[in-house]
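One structure is given here, and the rest of the page talks about it.
Naming convention: chains lettered A, B, ... in sequence-line order (proteins, then strands); numbering from 1 in each chain. What you see is a predicted model, and the numbers here were worked out from it, not measured in a lab.
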Number of protein chains: 2
Amino acid sequence: MALRHAILAALSRGRPRTGYDLNASFNDVNDRAWHASPSQVYSELAKMEKLGLIDITERTERGRTSYVINDSGLDELRRWLLHDQPDHGIRDDAALRLLNLWVLDPADADYLLDAEVTFQRQRQFSLRHLLLSWDEEREDPDSPVWRSRRALYTLWLRQTDLMLDWLEELRTMLHDPVSPVPELLTGAIPAKI
Amino acid sequence: MALRHAILAALSRGRPRTGYDLNASFNDVNDRAWHASPSQVYSELAKMEKLGLIDITERTERGRTSYVINDSGLDELRRWLLHDQPDHGIRDDAALRLLNLWVLDPADADYLLDAEVTFQRQRQFSLRHLLLSWDEEREDPDSPVWRSRRALYTLWLRQTDLMLDWLEELRTMLHDPVSPVPELLTGAIPAKI
DNA sequence: CCCGTCATGTAATCTGTTACATGATTGG
DNA sequence: CCAATCATGTAACAGATTACATGACGGG
């Protein structure tokens, strides 16, 4: 149940947030580590409030409800980090597709490659924007919260760069049946670790 | 329902496979694009056979049942690749944790970083092994199937290299409160794309 | 006044996990 | 003979998606 911890993580930044706010970040492909659907977020917030992990700070005459994390929630976040095993189970739809391009004819494979390149370029653009615009919008750019966040954006940006290079090599490989498979960037490969 | 397509993908390599075989690959963290639990695989195989996407080639006196993909299954695989939108929804437990290291005291954060480094190094080692040993074990190393697979291993290996570098930078950042956040490898950042 | 966004939720369904049950075969 | 691995499945539960429903507010 990592959604619970993703919500605690988002609230641990301090300011009260509504289900709507949280959904905005959980649904932005470019600025998130965890995806969730709106209905899931609303029902999980209700559950968490009942369990006493988060508190309601404000409920406007209109439906808008704001939540903050409380001490019990922070304890749970720390417990999760330290005592629950990280889940390295991979479910990578994009990789699964790229692995199967060879069942298509070359024109179709190329079309799918283009689509993936486009997606990665958009992500690259968004991440660059997020990294460049932090100082204008955010509260304290030198707080641990934002330092961590910027570090993660940097990782993601490097990953999109890597992916875009690799996709071009893959395209070459698919076009030319005798070209070598993309080689390693790494130098000598030790026989043992 | 990407599990169905992950199974079709695995069977599309040609040879008959049993639920047990498939589970072995779906549960190996280092050699897979899609994770699934055993019971899920067995029941999905049964469903797919009823739907006529795969055929049973052999059922030994013992329970062992082997499946192959058929034309209808191959069509479905191609339809999925071309006409279903790739799901770029991210659920990255590891990233979520790294983003929240700052809620822990430095010693605990360091401990978690070590654990992640160890995991990535193991993955790096496995991937190197998979890339170096293909020619000894596999049937036709120059078939499109294995070329694609090696290309994907190469991508994953580069990603672990990138991750390990980044984790060390993150460690430095956490230790030293005034050190800069890891910077970009990329050169000039265009204002527009 | 209508449309888009804000804002929350319910119900049905599907997907995925966990715990359990069963039994054959293989190697020490 | 015992333990590990092979091999499959069921049942109960938890997690997640989809479709739908509701209604306020603001801008054109």
Side-chain angles (χ1 to χ4, degrees), chain A residues 1-8 10-11 16-29 32-51 53-54 56-67 80 84-93 96, chain B residues 1-8 10-11 16-29 32-51 53-54 56-67 80 84-93 96:
Chain A
M1 57 171 76
L3 172 60
R4 172 163 305 174
H5 302 103
I7 291 175
L8 289 173
L11 294 179
R17 310 207 64 194
T18 66
Y20 192 83
D21 294 334
L22 292 168
N23 272 309
S25 43
F26 288 140
N27 284 305
D28 178 357
V29 196
R32 61 126 191 264
W34 200 263
H35 165 80
S37 65
S39 49
Q40 205 190 348
V41 172
Y42 286 118
S43 61
E44 186 63 32
L45 279 170
K47 263 189 243 167
M48 290 167 74
E49 201 269 331
K50 259 175 227 152
L51 289 170
L53 299 170
I54 56 178
I56 293 172
T57 47
E58 195 195 1
R59 204 195 285 269
T60 59
E61 63 301 333
R62 200 169 145 187
R64 192 180 167 87
T65 313
S66 294
Y67 299 90
W80 170 69
D84 279 12
Q85 285 294 107
D87 174 15
H88 284 110
I90 296 168
R91 289 209 173 88
D92 189 340
D93 189 273
L96 194 55
Chain B
M1 54 173 74
L3 172 61
R4 172 163 306 175
H5 301 103
I7 292 176
L8 289 173
L11 294 179
R17 310 208 62 194
T18 66
Y20 192 83
D21 293 335
L22 292 168
N23 273 309
S25 45
F26 287 140
N27 285 306
D28 178 358
V29 196
R32 63 130 188 261
W34 201 264
H35 165 79
S37 64
S39 48
Q40 205 190 349
V41 172
Y42 286 117
S43 61
E44 187 63 32
L45 279 170
K47 262 187 243 168
M48 288 166 74
E49 201 270 331
K50 259 175 227 151
L51 288 170
L53 299 170
I54 56 178
I56 294 172
T57 46
E58 195 194 3
R59 203 195 284 269
T60 60
E61 64 299 336
R62 199 169 146 190
R64 193 179 167 88
T65 312
S66 294
Y67 299 90
W80 170 69
D84 278 13
Q85 284 295 110
D87 175 13
H88 283 110
I90 296 168
R91 288 206 174 91
D92 188 340
D93 190 273
L96 194 55

Query - Derivation and outcome, side chain to side chain donor-acceptor pair (under 3.5 Å), residues A:Thr18 and A:Asp21 - result: CA-CA 5 Å; A:Thr18 66; A:Asp21 294 334; 3.2 Å; yes

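- Judged by distance alone, the side chain of A:Asp28 and the main-chain N or O of A:Ala24 form no donor-acceptor pair under 3.5 Å.
- We find that CZ of A:Phe26 is positioned 16 Å from C1' of C:dT8, with the value rounded to whole Å.
- Between A:His5 atom NE2 and D:dG15 atom P there is a gap of 11 Å when expressed in whole angstrom units.
- Applying the 4.0 Å criterion to OP1 and OP2 of D:dT17, one finds that A:His35 has a side-chain N or O inside that range.
- A distance of 10.5 Å separates CD1 in B:Ile7 from CG in B:Leu53, rounded to the nearest 0.5 Å.
- In this structure a side-chain-to-backbone donor-acceptor pair under 3.5 Å is present from B:Arg32 to B:Phe26.
- For the pair A:Leu45 CG and C:dG9 C1', the computed distance is 12 Å after rounding to whole Å.
- Although no hydrogens or angles enter the test, the distance criterion places no donor-acceptor pair under 3.5 Å between the side chain of B:Arg59 and the main chain of B:Thr65.
- One finds no side-chain N or O of A:Arg4 lying less than 4.0 angstrom from the OP1 or OP2 phosphate oxygen of D:dA14.
- Across the protein-nucleic acid pair, A:Leu3 atom CG and C:dT17 atom P stand 16 Å apart, rounded to whole Å.
- With sequence neighbours left out, B:Asp87 forms a salt bridge (Lys or Arg N to Asp or Glu O under 4.0 Å) with no residue at all.
- When rounded to the nearest whole Å, the span between CG of B:Asp87 and P of D:dT17 equals 8 Å.
- For A:Asn23 and C:dG9, the CG to C1' distance is 11 Å, given to the nearest whole Å.
- Listed for the B:Arg91 side chain is a donor-acceptor partner under 3.5 Å among the backbone atoms of A:His35.
- Atom CZ of A:Arg64 and atom C1' of C:dC6 are 8 Å apart (whole Å).
- Atoms NZ (A:Lys47) and P (D:dA16) sit 9 Å apart, rounded to a whole Å.
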Any N/O pairs under 3.5 Å between the protein and nucleotides 18-23 of chain D? List them or say none.
| from | atom 1 | to | atom 2 | distance (Å) |
| --- | --- | --- | --- | --- |
| D:dT18 | O4 | A:Ser39 | OG | 2.7 |

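- Among the heavy atoms of the strands lying under 4.0 Å from B:Arg91 are primed sugar atoms or P, OP1, OP2 only; no base atom is included.
- Taking side-chain N and O atoms only, B:Tyr42 has no distance below 4.0 Å to OP1 or OP2 of D:dG9.
- Within 4.0 Å of B:Ser43, counting heavy atoms only, lies no atom of the nucleic acid at all.
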